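Taking it in order: structure first as structure tokens, then the write-up.
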Amino acid sequence: DAKTTQPTSMDCAEGRAANLPCNHSTISGNEYVYWYRQIHSQGPQYIIHGLKNNETNEMASLIITEDRKSSTLILPHATLRDTAVYYCIVRVGGGNQGGKLIFGQGTELSVKP
Amino acid sequence: GAVVSQHPSWVICKSGTSVKIECRSLDFQATTMFWYRQFPKQSLMLMATSNEGSKATYEQGVEKDKFLINHASLTLSTLTVTSAHPEDSSFYICSSPSGRVTDTQYFGPGTRLTVL
């Protein structure tokens, strides 16, 4: 699986948009970009994933560059409950079973009042 | 959404004893489950892939005789830490693809193991 690079930590003001970048310059054509987050002492939570088109759901938006070498997760109106470690993962996808996920170090997002 | 549960949520045991952690899929059948370990301030490390009705596949460096995995039914996978030692103290998390929502995985809440 391709590796990803994320900033170690970021701060965001409550109510503002949080933009979390991820570099995946060695991504292959059949690899998807996945985002998960982990709130302290809990299991990770799925946020969103995409292949090449931008995606949006009730939690976040995912913007993938045209060359697919980087992406940005956007939390449009961050709340204190969004404080967590956010993981960007790339792997082959597209099926219903889902393969194993290899986690990097992630970005620790702190949302401040 | 799909729910994965783990039991116990936390356990404290003496060095040398064995501890069993259960991972259950509550509203879907899980032919595959993954087991992760997470040390404080670190990321999740994949330990093994548990397949219903067959032997688990372990990641490089994970001792299969120490971390016994059994996946005897479509809703239950167990991880047994045998002869636990203080260095095995960690947060153990399981996950499973639900099969209903394309290509997502659902994680259990984790089990905190402390070996004295």
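Protein chains get the first letters and strands the later ones, always in sequence-line order, with residue 1 at the start of each. Source: prediction; values computed, not measured.
With chain A as partner, the option from B:Gly110, B:Ala30, B:Ser95, B:Pro109 having the largest number of non-hydrogen pairs under 4.5 angstrom is B:Pro109.
Side-chain heavy atoms closer than 4.5 Å link hydrophobic residues (I, L, V, M, F, W, Y) into clusters, and following such links, even through other members, never connects A:Leu109 to A:Ile39. Put simply, B:Leu79 and B:Val11 are part of the same group of oily side chains (I, L, V, M, F, W, Y) that touch within less than 4.5 Å, one to the next. In this structure, A:Met59 is a member of the same hydrophobic cluster as A:Leu80, with clusters built from ILVMFWY side-chain heavy atoms closer than 4.5 Å. Both B:Leu46 and B:Ile93 sit in one connected hydrophobic cluster of ILVMFWY residues. Membership requires side-chain heavy atoms under 4.5 Å apart, directly or through other members. Two different hydrophobic clusters hold B:Val4 and B:Leu113 under the rule that ILVMFWY side chains link at heavy-atom gaps under 4.5 Å.
Here the side chain of B:Tyr36 pairs a donor or acceptor atom with the backbone of A:Leu101 at under 3.5 angstrom.
Sparse packing is recorded around CD of A:Glu108, with 12 or fewer heavy atoms of other residues, nucleotides or ligands lying under 6.0 Å away. Around the NZ atom of B:Lys64, the shell of radius 6.0 Å holds no more than 12 heavy atoms that belong to other residues, nucleotides or ligands.
Rounding to the nearest 0.5 Å places CD1 of A:Ile102 at 10.0 Å from CE of B:Met45. B:Lys41 NZ to A:Gln105 CD: the interatomic distance, rounded to the nearest 0.5 Å, is 12.5 Å.
A pairwise comparison of heavy atoms in A:Phe103 and B:Leu44 identifies CB-O, 3.7 Å as the closest pair.
Neither the backbone nor the side chain of B:Gln6 comes within contact range of chain A; no heavy atom of the residue lies under 4.5 Å from a heavy atom of that chain.
B:Phe107 places none of its side-chain heavy atoms less than 4.5 Å from the side chain of A:Tyr46. A:Ser41 has its side chain within reach of B:Arg112: a pair of non-hydrogen atoms, C-beta onward, lies under 4.5 Å apart.
Side chain to side chain, B:Gln38 and A:Gln38 meet the donor-acceptor criterion of an N or O pair below 3.5 Å.
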